[in-house]
Novice: 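Have a look at this one.
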Amino acid sequence: MKKVFVFLMVLGLTLSMSVLAASAKSNGNGNGSGKSATQSEKSNLDSTTQSEKSTLKSTSQPEKSTVQKQFKIELNEQKKEITKQNSSLEEQKLMLEAKYQELLASGDTAGAEAVLASINDLDTQMATLQAQMKQIINERYMVTKTMYSEEELQQFDSAAALIKQMYADASTLGAGSVTVKNNLIKFEAPPYIKGGRTLVPMRAIAEGLGAEVIYDEATQSVTISKDGKVVVITINGSTASVDGVPVEMGTTADVTCGRTYVPLRFLAETFGLEVNWDGENEIIDIGDGTTDGTTDGTTDGTTDGTTTTTTTTNTDSTTGAL
């Protein structure tokens, strides 16, 4: 009897240990609250966090193409519309001013005063448009800043300061001051006006025009090719070769701040593009043609020693040549 009792106790302990082992195994490797489930939840959380970080990164760093599209669709169209309105008002003002002088000459002072009031009203409207244009230019600059890092902007400003030290008669243009076919051009160093001409870093503007650029260190010359046209410019030379024919550029190509600068008007017009200068806001737009109602508003020395200015926003013939 004693042996039977001992046997039953041993059997009971064995069964109890088996149950405990099975339970531990289930908690450790099953689908309950064991270690495997905790690792799975952590893995899912890490995956979600990485996905959120990736999404945040992609939305906080817009690509250059997005910036260009924003400028082209919004800012440039607004600028064109304001320029057209301003041009129309200027035409009306010219006619009224002629009428005003006629009335004064005829002795009709009452009529002259009425016309003068209309002229003053046009001046007010034009001032409003100019304020709107200033706002657009400010927005244009803010868009341009997204194309630069802080370090690049500092280098740009340092180059501008150096140019002013090098050339007492030079005035620099800001970042975002030049567009080619509605696209902002990113310059590592600023364009500048000197001696009646606007000079720009050659590589940036040539590539903005869609041209290929090759530099020959042995001859100190740059070859620019686009649509079968080949232009060769020699550093410190004032004559370029266009398809083998010598052409005067109006000023020399030189090296400033470690970059080759060339006259903007020469390069743009050589490739069949038109240049529109806004002297009031110091911006230059290059395109296939003036389709926005403006004229080629630049001051440019001609062969007879005269200068011409036809900009709709500035009539100062002493600045802004290209």
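Reckoned from all heavy atoms, side chains included, excluding hydrogens, waters and symmetry mates.
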Novice: OG1 of Thr223 to OH of Tyr215: how many Å apart, nearest 0.5 Å?
Specialist: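 Reported value, rounded in 0.5 Å steps: 11.5 Å.
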
Novice: Would you call Ile136 and Ile82 a side-chain contact if the rule is heavy atoms closer than 4.5 Å?
Specialist: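 Touching, per the 4.5 Å side-chain cut-off.
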
Novice: Can you name the nearest heavy-atom pair linking Leu173 to Glu282, along with the distance?
Specialist: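 Scanning both residues completely, I find the closest heavy atoms to be CD2-CB, 4.0 Å.
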
Novice: Report yes or no: do Leu209 and Ile233 belong to one cluster of Ile/Leu/Val/Met/Phe/Trp/Tyr joined by side chain heavy-atom distances under 4.5 Å?
Specialist: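 In one cluster: yes.
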
Novice: When you measure from the side chain of Glu207 to the backbone of Ala204, do you find a donor-acceptor pair of N or O atoms at a distance under 3.5 Å?
Specialist: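 Looks like no, no N/O pair under 3.5 Å.
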
Novice: Roughly how far apart are Asp278 CG and Ile283 CD1, rounded to 0.5 Å?
Specialist: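 Between Asp278 CG and Ile283 CD1, I get 4.5 Å after rounding to 0.5 Å.
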
Novice: Hey, could you give me the CG/CD1 distance between Asn281 and Ile137, rounded to the nearest 0.5 Å?
Specialist: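 These two atoms lie 4.5 Å from each other.
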
Novice: Within the 4.5 Å heavy-atom criterion, are Pro191 and Leu264 side-chain neighbours or not?
Specialist: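 Pro191 vs Leu264: side chains apart.
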
Novice: Looking at side-chain heavy atoms only, is the closest gap between Leu273 and Lys181 below 4.5 Å?
Specialist: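 Yes, their side chains come closer than 4.5 Å.
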
Novice: Could you state whether Val180 and Leu184 fall into the same hydrophobic cluster, counting links through intermediate Ile, Leu, Val, Met, Phe, Trp or Tyr residues with side-chain heavy atoms under 4.5 angstrom apart?
Specialist: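 Cluster IDs for Val180 and Leu184 match.
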
Novice: Could you tabulate the donor-acceptor pairs under 3.5 Å formed by side-chain atoms of residues 250-262, not counting sequence neighbours?
Specialist:
| unit_1 | atom_1 | unit_2 | atom_2 | d |
| --- | --- | --- | --- | --- |
| Asp254 | OD1 | Thr256 | OG1 | 3.4 |
| Thr256 | OG1 | Tyr167 | OH | 3.3 |
| Thr256 | OG1 | Tyr192 | OH | 3.3 |
| Arg259 | NE | Glu188 | OE1 | 3.1 |
| Arg259 | NH1 | Cys257 | O | 2.7 |
| Arg259 | NH2 | Glu188 | OE1 | 3.1 |
| Tyr261 | OH | Pro190 | O | 2.8 |

Novice: Taking Ser87 for its side chain and Thr83 for its backbone only, find out whether a donor-acceptor pair lies under 3.5 Å.
Specialist: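 The answer is no, because no donor-acceptor pair under 3.5 Å joins these two groups.
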
Novice: For residues 96-104, which side-chain donor-acceptor pairs fall under 3.5 Å, sequence neighbours excluded?
Specialist:
none

Novice: Can you give me every donor-acceptor pair (side chain of residues 224-232, partner residue at least two apart or in another chain, under 3.5 Å) with its distance?
Specialist:
none

Novice: If you look only at distance, which donor and acceptor atoms sit under 3.5 Å apart when one is on a side chain in residues 147-160 and the other is two or more places apart or in another chain?
Specialist:
| unit_1 | atom_1 | unit_2 | atom_2 | d |
| --- | --- | --- | --- | --- |
| Tyr148 | OH | Phe187 | N | 2.9 |
| Tyr148 | OH | Phe187 | O | 2.8 |
| Ser149 | OG | Glu152 | N | 3.1 |
| Glu152 | OE1 | Ser149 | N | 2.9 |
| Glu152 | OE1 | Lys186 | NZ | 3.1 |
| Glu152 | OE2 | Lys186 | NZ | 3.3 |
| Ser158 | OG | Gln154 | O | 2.9 |

Novice: How close do Gly208 and Ile185 get, heavy atom to heavy atom, and via which atoms?
Specialist: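 Taking Gly208 first and Ile185 second, the nearest heavy atoms are CA-CD1, 3.7 Å.
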
Novice: Output yes when a side-chain donor or acceptor of Ser88 lies under 3.5 Å from a complementary backbone atom of Gln85, and no otherwise.
Specialist: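 Checking the backbone N and O of Gln85 against the side chain of Ser88, no donor-acceptor pair under 3.5 Å is found.
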
Novice: Would you compute the distance between atom OG1 of Thr198 and atom CZ of Arg265 and round it to the nearest 0.5 angstrom?
Specialist: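 Answer rounded to 0.5 Å: 9.0 Å.
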
Novice: Donor-acceptor pairs are to be reported for all side-chain atoms of residues 121-128 against protein atoms at under 3.5 Å, with residues two or more places apart or in another chain.
Specialist:
| unit_1 | atom_1 | unit_2 | atom_2 | d |
| --- | --- | --- | --- | --- |
| Asp121 | OD2 | Gln125 | NE2 | 2.9 |
| Asp123 | OD1 | Lys93 | NZ | 2.8 |
| Thr124 | OG1 | Asn120 | O | 3.1 |
| Thr128 | OG1 | Thr124 | O | 3.1 |

Novice: Which atoms form the tightest heavy-atom contact between Glu280 and Lys134, and what is the distance?
Specialist: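 In this case the closest contact between Glu280 and Lys134 is O-NZ, 3.6 Å.
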
Novice: Quick one: pull up CD in Gln92 and CD in Glu90 and give me the separation to the nearest 0.5 Å.
Specialist: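 One finds 11.0 Å between CD of Gln92 and CD of Glu90.
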
Novice: Just so I know, are the side chains of Phe271 and Ile286 near enough to count as touching, which here means a heavy-atom distance under 4.5 Å?
Specialist: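 They are not in contact (no side-chain heavy atoms under 4.5 Å apart), so the answer is no.
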
Novice: Determine, using the 4.5 Å side-chain heavy-atom cutoff (strictly less than), whether Leu199 and Leu162 are members of one ILVMFWY cluster.
Specialist: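 Leu199 clusters together with Leu162.
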
Novice: Would Thr270 and Val247 satisfy side-chain contact (heavy atoms from CB on, under 4.5 Å), going step by step from the backbone distance to the final call?
Specialist: CA-CA 10 Å; Thr270 295; Val247 177; 5.9 Å; no

Novice: Hey, could you give me each pair passing side chain to side chain donor-acceptor pair (under 3.5 Å) that has a residue in residues 236-245? Not counting sequence neighbours.
Specialist: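 Listed by first then second residue: Thr239-Glu248.
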
Novice: Just by distance, no angles: are the side chains of Ser221 and Asp216 close enough, under 3.5 Å, to form a donor-acceptor pair?
Specialist: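 Side chains of Ser221 and Asp216: no pair found under 3.5 Å.
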
Novice: Just so I know, are the side chains of Met249 and Leu267 near enough to count as touching, which here means a heavy-atom distance under 4.5 Å?
Specialist: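 No - every pair of side-chain heavy atoms lies 4.5 Å or more apart.
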
